[in-house]
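Comments concern the structure below.
Convention: sequence-line order gives letters A, B, ...; per-chain numbering from 1.
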Number of protein chains: 2
Amino acid sequence: MEALANPYRLKIIALLAGRRIHVSQLAREMVISRPLLYMHLKRLENARLVTSKIELSEDGKAMNFYELIPFAIVLSPETIGEASKTLTVQKSAGTAPGTKGEKGDK
Amino acid sequence: MEALANPYRLKIIALLAGRRIHVSQLAREMVISRPLLYMHLKRLENARLVTSKIELSEDGKAMNFYELIPFAIVLSPETIGEASKTLTVQKSAGTAPGTKGEKGDK
DNA sequence: TACACCTGTAATTATTTTATTACAGGTGTA
DNA sequence: TACACCTGTAATAAAATAATTACAGGTGTA
């Protein structure tokens, strides 16, 4: 979900639709730096939305090609209701101040 | 899109599914503080996923009830491709260092 | 009046996310 | 060897988000 919460990442998916592109080429098409692209690609990989595979070009150069993992997600109050059962708010525990122990609040 | 990129906000939608709840009650059910809840609600409102309406309870207390605006969004490479045409990366302009003018990079 | 509810918001701090800079190392060709 | 490509990552800076604290003000009831 958070994986799709960024315009660059949406654009990566758009550019990857139907074809495979290697990192440097993708960086050029997006007009962003490679380190930044790597960061976004990592997020997409973690979310299982893309995969990569290193291949050797005709000359001996290693190229890392990315491609989409097909997906179709429907977002509606119902599907979110289902999904939210799974979700957790990481971090430690902690009570919720300002919610129960208040005597009139001030 | 970013509006749904947070577990609390997903939970708000889950809790709001089918019923209307006022702010304080919602804060209790979610076990978070009201200020935090307000922040998340504001984001959901900006994304047009929820609306609020202030009503007076039987005794004269003002209650701000929130409810869902029905929605159903399909996320797939195709729909994202469409959507990404619209999107922009705010901020100023700026070139993309490390992408074109490099002479061998180091 | 005190208390238990309700409404909000401004200011600050903490945390996460995004983005840049600076590296390090590989292959092939002129 | 220099150059033009390719691969990556560690460290840092900048910006956006999330969360807390501290207020301010309202109604109704004991």
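Computed from coordinates, the B/Glu2 CD to C/dT17 C1' distance equals 12 Å when rounded to whole Å. Straight-line distance from the CG atom of B/Leu36 to the C1' atom of C/dT12: 15 Å, rounded to whole Å. Rounded to an integer number of Å, the gap from CE of A/Met39 to P of D/dT9 is 14 Å. Summarising the geometry, the separation between CD1 on A/Ile12 and P on C/dT18 is reported as 11 Å, rounded to the nearest angstrom. At whole-Å resolution of the value, CD in A/Glu55 and P in D/dC5 are 21 Å apart. Put simply, NZ on A/Lys11 is 13 Å from P on C/dA19, counting in whole angstrom units. Nucleotide C/dT17 holds its C1' atom 13 Å from the CG atom of B/Asn6, rounded to whole Å. D/dA11 atom C1' lies 18 Å from atom OH of A/Tyr38, rounded to whole Å.
Rounded to the nearest 0.5 angstrom, B/Leu75 CG and A/Leu75 CG are separated by 4.5 Å. From A/Ile73, atom CD1 reaches atom CG of A/Leu4 across 6.0 Å, with rounding to the nearest 0.5 Å.
Listed pair A/Ser24 / D/dT7 meets the phosphate criterion, a side-chain N or O lying under 4.0 Å from OP1 or OP2. One finds no side-chain N or O of B/Ser33 lying less than 4.0 angstrom from the OP1 or OP2 phosphate oxygen of D/dA19. Contact annotation: A/Arg28 reaches the phosphate of D/dC6 (side-chain N/O to OP1 or OP2, under 4.0 Å). Close to D/dT17, at under 4.0 Å from its OP1 or OP2, lies no side-chain N or O of B/His40. Contact check, A/Arg34 against D/dC6: no side-chain N or O comes under 4.0 Å of OP1 or OP2.
Each salt bridge (charged side-chain N to carboxylate O under 4.0 Å, His left out) pair with one or both residues in residues 50-69 of chain B, not counting sequence neighbours, appears once here: B/Arg20-B/Glu55, B/Arg20-B/Glu67, B/Asp59-B/Lys61.
Secondary-structure annotation of DNA chain D gives the stems C:1-30 with D:1-30, with a stem taken as at least 3 successive Watson-Crick or G-U pairs whose two distances both fall under 3.5 Å.
Only B/Arg43, listed by number, bring a heavy atom of residues 42-52 of chain B to less than 4.0 angstrom from any atom of DNA chain D. For DNA chain D, the residues of residues 56-68 of chain A within the heavy-atom distance limit of 4.0 Å (strictly under) are A/Lys61, A/Ala62, A/Met63, A/Asn64, sorted by number.
The minimum heavy-atom distance between A/Ala14 and B/Gly81, with the atom names listed, is CB-CA, 3.8 Å.
When the nearest nucleotides of DNA chain C are assigned to B/Pro35 and B/His22 by heavy-atom distance, the more 5′-ward of the two goes with B/His22.
With sequence neighbours left out, the side chain to side chain contact (heavy atoms under 4.5 Å, CB included) criterion links B/Glu78 to B/Ser76. With sequence neighbours left out, the side chain to side chain contact (heavy atoms under 4.5 Å, CB included) criterion links A/Ile69 to A/Thr51. B/Arg19 meets the side chain to side chain contact (heavy atoms under 4.5 Å, CB included) test with B/Leu15, B/Ile21, B/Glu29; sequence neighbours excluded.
Counting Ile, Leu, Val, Met, Phe, Trp and Tyr side chains that sit under 4.5 Å apart, directly or through other members, B/Val74 shares a hydrophobic cluster with A/Val74. Chaining together hydrophobic side chains whose heavy atoms lie under 4.5 Å apart places B/Met63 alongside B/Phe65.
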Please report, to 0.1 Å, the donor-acceptor pairs under 3.5 Å made by any side chain of residues 35-45 of chain A, with sequence neighbours excluded.
from, atom 1, to, atom 2, distance (Å)
A/His40, ND1, A/Arg9, NH1, 3.0
A/Glu45, OE1, A/Tyr66, OH, 3.1
A/Glu45, OE2, A/Ser52, OG, 3.4

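The closest side-chain heavy-atom distance from A/Leu26 to A/His22 is not below 4.5 Å.
Applying the side-chain contact (heavy atoms from CB on, under 4.5 Å) test between B/Ile80 and each of A/Ile13, A/Ile12, A/Leu49, A/Leu68 identifies A/Ile13 as the sole match.
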